[in-house]
Q: 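I'd like to ask you about the structure that follows.
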Amino acid sequence: LKYCNLKSASCQTGEDDQEVGIMTDEVGQEDKDVQFPTLTERPTTGELLPFMRRVFPLFEASLSEAVHQDVGLGRQPAVASPDGEKLEIRKQARFGLPANFIQGCLGAEVAVSDMAICPQWYGADHAAVLFSWRETSKPVPGSSGGPFTALARPLRSMVGLYPILSSALENSEERISLQPVRCLYSFSRLSSLTVVNCRPHIIVAGTEMGSLAVWDLRAKTSKPADAFGMHEHAAGEVADAAAASSDKDMAHLEGKSGESPWLASVFSTDVFSVSTAAPGALDEDGEMWDRKGQANVDSMGVHCVEICCVRCSDVVGGDSLIFALDLMGVVSFWRVMELASVAHNSTKLALQGTCTVADSTTNVLGGFLGASYICIHPQQQAQFIVCSTSGLRQANRQRSQSITDGPRSLELTHHSDPALHGEDGSQSQEIIPSMFGAEPCSAAFSPFLPGLLLAAYAEGDLALFDCSLCVPVIQWAGAVPKAPCRSVSIAWSPRRPCVFFVKAHDILDVWDLADRSYAPVLSMDLGGQSPSAMQSMLEDGQKATCELQVTPCGRPVVGHGGNAIVCGLPASLTIPLQEVPKHLARGETPLESLLVEGCEGAQNFPTLARHCREVNAPMSCRLERTVLSTIVASTQPLQAWI
């Protein structure tokens with residue numbers, strides 16, 4: 001009877017209807033070529049001798065390149081003695097494009113707009129040269145044009161990558177290379193480029209549309225036919241190339257003599273440029289553009305005008321930062337992201353923020369700054385300098401206001417001629433013409449001292465600034481050759497703290513402050529006809545971003561006449577000083593040691609020593625860095641006017 005009122009029921013828990021799935025990517029397969037004999041059961045006596053003939057020259061070239069790199073970096077003593085060497089600059093290599101390619105495909109003269117150095121890419125330094133040319137009317141290509149002509153027709157710029165082999169530069173004759181190992185192209189005109197620090201395989205360039213393009217040198221190159229989706233057999237029928245071209249340089253560019261050098265970009269920030277569509281525009285699906293969903297796109301760092309300069313900061317915290325400057329003075333900051341998967345690797349840019357260097361104004365131009373160049377403080381990612389028609393502007397990416405940030409603008413001290421006063425003596429005219437003004441053309445930070453900035457001006461002056469002061473500590477009036485001009489580029493030597501270079505038109509000057517602080521020690525005429533200074537100022541053309549770069553070994557690479565020229569220097573200008581020069585050997589007393597202990601807070605002019613930021617330097621350069629700081633502290637400003 002106790003079981004008469006019980007009922008049995010069932011419950012579905014779902015455990016009997018459960019499926020477990022695992023999703024994995026497909027296995028990636030890639031064919032690779034090896035260069036050694038296969039070890040099989042059959043005898044390899046016949047394969048070993050050809051293998052040794054191919055491998056031994058590679059071993060010898062690698063060992064020779066390593067020795068030259070060690071000598072250039074100061075790890076081994078140079079063979080030549082600096083006392084008996086000849087002080088002169090000589091041309092060691094010249095990089096350019098074939099004449100048949102320029103005349104037949106481009107139809108305009110080629111100029112070097114910007115350059116960058118790819119350090120130790122595949123064991124050697126490479127020069128990335130940005131070539132640009134004017135847009136000209138070209139005849140309509142016929143049926144025999146071919147895919148190569150169709151690829152080069154819409155281009156207005158390209159980047160050529162050339163190896164700088166130390167072993168090949170020891171010859172007395174100049175080596176000419178017209179075959180770039182990589183040709184980076186984009187159908188939008190490129191204005192500036194940079195190489196990501198510690199990632200020499202990634203190149204970032206700015207375009208006239210306000211976007212950034214990224215190239216990965218590890219990516220597979222493509223033939224000109226692949227850019228238009230043409231089959232190789234169909235492209236061969238269209239092209240008028242029954243036989244290989246007799247010109248080896250053209251055959252290299254066409255990809256007929258080996259691997260094709262053409263490489264397309266792997267990523268672009270065009271979405272940030274086209275996102276500023278006008279209200280009422282239609283998107284790619286034909287629907288109305290929703291401005292509300294974009295959440296202040298303009299505040300996300302969209303460049304509405306051409307990006308004039310792109311530079312990369314030093315590696316801080318394990319990563320570097322890309323700075324992009326446009327003509328209006330808007331600076332955007334980007335991080336490089338490399339996403340790796342089993343199937344493929346992808347490279348992208350992540351926007352980190354923006355800032356405006358121009359002052360807020362109610363002018364009809366909207367605070368147009370007319371910026372041209374940007375340089376970043378060494379070994380940091382916060383402070384940077386912008387060159388513009390309004391002078392040198394100093395800004396902080398973090399928008400902080402501290403005594404360590406220094407003044408907002410760095411200016412030259414101008415003087416007026418008393419003889420030009422009016423009759424009443426109340427007005428005066430400036431010596432500097434109003435059409436030039438004090439417009440900075442280029443600037444560069446010393447990689448050895450914090451805040452030491454070298455600037456070149458269109459009027460022909462050079463100035464050395466301490467970014468904690470608003471006026472220059474040293475000014476060389478009329479030091480730039482063939483001034484006034486805007487095409488002036490400057491750069492510091494990464495091997496000698498006291499050496500810097502100035503390139504103006506077809507003249508390259510080498511300054512050594514440890515030898516003389518009032519004039520260059522060497523000067524070189526690059527050759528060729530150049531337009532006059534006044535004509536270049538008024539010419540309606542594109543201004544080059546930078547025509548001067550320096551390799552890690554201390555060799556200057558200059559752009560002139562549509563070519564990049566590698567110059568060789570004496571050993572005394574590439575090996576750091578190991579003893580103080582006699583004319584600079586004198587006792588010094590630091591200003592900080594003169595302060596009475598306990599009265600630091602009562603001084604009228606507090607020093608910035610406790611805010612000074614240290615810059616790491618190699619052990620071999622520390623003595624010369626001390627010499628440079630002594631020269632800067634003891635040299636009086638050099639400025640002269642008539």
Q: Could you tell me whether Glu109 atom CD has more than 12 heavy atoms of other residues or ligands within 6.0 Å of it?
A: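 12 or below, so no.
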
Q: With a 3.5 Å distance limit and no angle check, can you tell me whether Glu174 reaches the backbone of Lys91 through a side-chain donor-acceptor pair?
A: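 Pair absent, no side-chain N/O of Glu174 close to backbone of Lys91.
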
Q: Side-chain contact, heavy-atom cut-off 4.5 Å: Trp262 with Thr221?
A: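 Answer no - side chains too far apart.
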
Q: Looking at side-chain heavy atoms only, is the closest gap between Pro98 and Leu253 below 4.5 Å?
A: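 They are in contact (side-chain heavy atoms under 4.5 Å apart), so the answer is yes.
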
Q: Any chance you could measure Asp461, atom CG, to Cys441, atom SG, to the nearest 0.5 Å?
A: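 The distance works out to 10.5 Å.
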
Q: Can any side-chain N or O of Ser388 pair as donor or acceptor with the backbone N or O of Gly370 at less than 3.5 Å?
A: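 Flag not set: sc Ser388 to bb Gly370 has no pair under 3.5 Å.
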
Q: Between atom CD1 of Ile374 and atom SG of Cys387, what is the distance when rounded to the nearest 0.5 Å?
A: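 Spacing of CD1 (Ile374) from SG (Cys387) equals 9.5 Å.
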
Q: So does Asp509 pair up with Lys503, basic N to acidic O under 4.0 Å?
A: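 So Asp509 does not pair with Lys503 through a salt bridge.
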
Q: With side-chain contact (heavy atoms from CB on, under 4.5 Å) as the test, would you mind laying out the steps for Leu508 and Cys567 before giving the verdict?
A: CA-CA 10 Å; Leu508 175 65; Cys567 301; 4.0 Å; yes

Q: Under a 3.5 Å distance rule, please check whether His560 uses its side chain to pair with a backbone N or O of Gly527 as donor and acceptor.
A: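 Yes.
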
Q: Just wondering, do Phe95 and Pro180 contact through their side chains at under 4.5 Å, heavy atoms?
A: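 When only atoms from C-beta onward are counted, Phe95 and Pro180 do not touch, as no gap falls below 4.5 Å.
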
Q: Only distances under 3.5 Å count here; give the side-chain donor-acceptor pairs of residues 199-210 to other protein atoms, sequence neighbours excluded, each with its distance to 0.1 Å.
A:
residue : atom : partner : partner atom : Å
Arg199  : NH1  : Val336  : O            : 3.1
His201  : NE2  : Glu338  : OE1          : 3.2
Thr207  : OG1  : Met209  : N            : 3.4
Thr207  : OG1  : Ser211  : N            : 3.2
Thr207  : OG1  : Ser211  : O            : 3.1
Thr207  : OG1  : Ser211  : OG           : 2.8
Glu208  : OE1  : Arg189  : NE           : 3.2

Q: Do you know which two heavy atoms are closest between Pro552 and Ile117, and how far apart they sit?
A: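 Of all heavy-atom pairs spanning Pro552 and Ile117, the closest is CD-CG2, 4.1 Å.
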
Q: With the side chain counted from C-beta on, respond yes when Phe148 and Met250 share a heavy-atom pair under 4.5 Å apart, and no when they do not.
A: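 Phe148 reaches Met250 side chain to side chain.
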
Q: Looking at Tyr373 and Leu325, would you say the former's side chain and the latter's main chain have a donor-acceptor pair under 3.5 Å?
A: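 Answer holds: no.
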
Q: Are the side chain of Asp314 and the backbone of Pro378 linked by a donor-acceptor contact shorter than 3.5 Å?
A: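 No: the side chain of Asp314 does not pair with the backbone of Pro378.
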
Q: Do side-chain atoms of Asn197 reach the backbone of Ser313 as a donor and acceptor pair under 3.5 angstrom?
A: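 Such a contact is found between Asn197 side chain and Ser313 backbone.
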
Q: Which pair of heavy atoms, one from Phe131 and one from Gly562, lies closest together, and at what distance?
A: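 Minimum heavy-atom contact is CE2-O, 3.3 Å.
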
Q: If you apply the rule side-chain contact (heavy atoms from CB on, under 4.5 Å), what do you find for Cys621 with Arg496, and how did you get there?
A: CA-CA 7 Å; Cys621 300; Arg496 287 281 313 274; over 6 Å; no

Q: What are the two closest non-hydrogen atoms of Cys498 and Val627, and how far apart are they?
A: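 Minimum heavy-atom contact is SG-CG1, 4.4 Å.
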
Q: Report the C-alpha distance between Leu628 and Leu513 in whole Å, list the side-chain angles of each, state the deciding distance to 0.1 Å, and finish with yes or no for side-chain contact (heavy atoms from CB on, under 4.5 Å).
A: CA-CA 8 Å; Leu628 177 60; Leu513 299 180; 3.9 Å; yes

Q: State, with a plain yes or no, whether a side-chain heavy atom of Ile507 is found less than 4.5 Å away from one of Lys482.
A: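 Ile507 vs Lys482: side chains touch.
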
Q: Just by modelled atom types, is the Ser191 backbone N or O under 3.5 Å from a matching donor or acceptor in the Thr545 side chain?
A: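 Yes: the side chain of Thr545 pairs with the backbone of Ser191.
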
Q: To the nearest 0.5 Å, what is the distance between CG on Leu97 and CG on Asp249?
A: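 Those atoms lie 10.0 Å apart.
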
Q: Evaluate Val557 against Leu548 for side-chain contact (heavy atoms from CB on, under 4.5 Å), listing each step before the verdict.
A: CA-CA 6 Å; Val557 183; Leu548 175 62; over 6 Å; no

Q: Pairing donors with acceptors under 3.5 angstrom, does anything connect the side chains of Ser157 and Ser132?
A: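 No donor-acceptor contact under 3.5 Å links the two side chains.
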
Q: Say you draw a straight line from CD1 of Ile322 to SG of Cys312; how long is it, rounded to the nearest 0.5 Å?
A: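 Answer rounded to 0.5 Å: 4.0 Å.
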
Q: For Trp121 and His126, take the angle between the two ring planes, folded into 0 to 90°, and tell me which bin it lands in: parallel under 30, tilted 30 to 60, perpendicular over 60.
A: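 Plane angle over 60°, so perpendicular.
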
Q: Do Cys375 and Phe384 come close enough that some side-chain heavy atom pair is under 4.5 Å?
A: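 Side-chain contact under 4.5 Å: no.
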
Q: Write down the atom of Ser442, the atom of Val488, and the distance for their closest heavy-atom approach.
A: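 Looks like CB-O, 3.3 Å.
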
Q: Under the ring pair (Phe, Tyr, Trp, His ring centres under 6.0 Å) rule, collect the residues that match up with Trp133, sequence neighbours excluded.
A: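 Trp133: no ring pair (Phe, Tyr, Trp, His ring centres under 6.0 Å) contacts found.
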
Q: Once you round to the nearest 0.5 Å, how far does CD1 of Ile307 lie from CZ of Phe323?
A: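 Those atoms lie 14.0 Å apart.
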
Q: Looking only at heavy atoms, what is the nearest atom pair of Glu547 and Ser489, with distance?
A: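 Closest approach of Glu547 to Ser489: N-OG, 3.0 Å.
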
Q: Any non-hydrogen side-chain atom of Pro447 less than 4.5 Å from a side-chain atom of Val615?
A: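 Not in contact.
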
Q: Would you say Asn563's side chain and Ile565's backbone share a donor-acceptor pair under 3.5 angstrom?
A: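 Looks like no, no N/O pair under 3.5 Å.
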
Q: Using 0.5 Å steps for rounding, measure from the OH atom of Tyr185 to the CG atom of Leu263.
A: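 Taking OH in Tyr185 and CG in Leu263, the distance rounds to 8.0 Å.
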
Q: Side chains of Pro497 and Leu449: closer than 4.5 Å at any heavy-atom pair?
A: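 SC-SC contact between Pro497 and Leu449 ruled out.
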
Q: Apply side chain to side chain donor-acceptor pair (under 3.5 Å) to residues Gln92 and Arg175 and explain how you reach the verdict.
A: CA-CA 6 Å; Gln92 294 182 328; Arg175 185 175 66 91; over 6 Å; no

Q: Nearest heavy-atom pair of Ser260 and Pro224: which atoms, and what distance?
A: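 Answer, listing the atom of Ser260 first, then Pro224: OG-CD, 4.1 Å.
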
Q: Trp511 and Trp492: aromatic ring centres closer than 6.0 Å?
A: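 Here the rings of Trp492 and Trp511 have centres that are no less than 6.0 Å from each other.
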
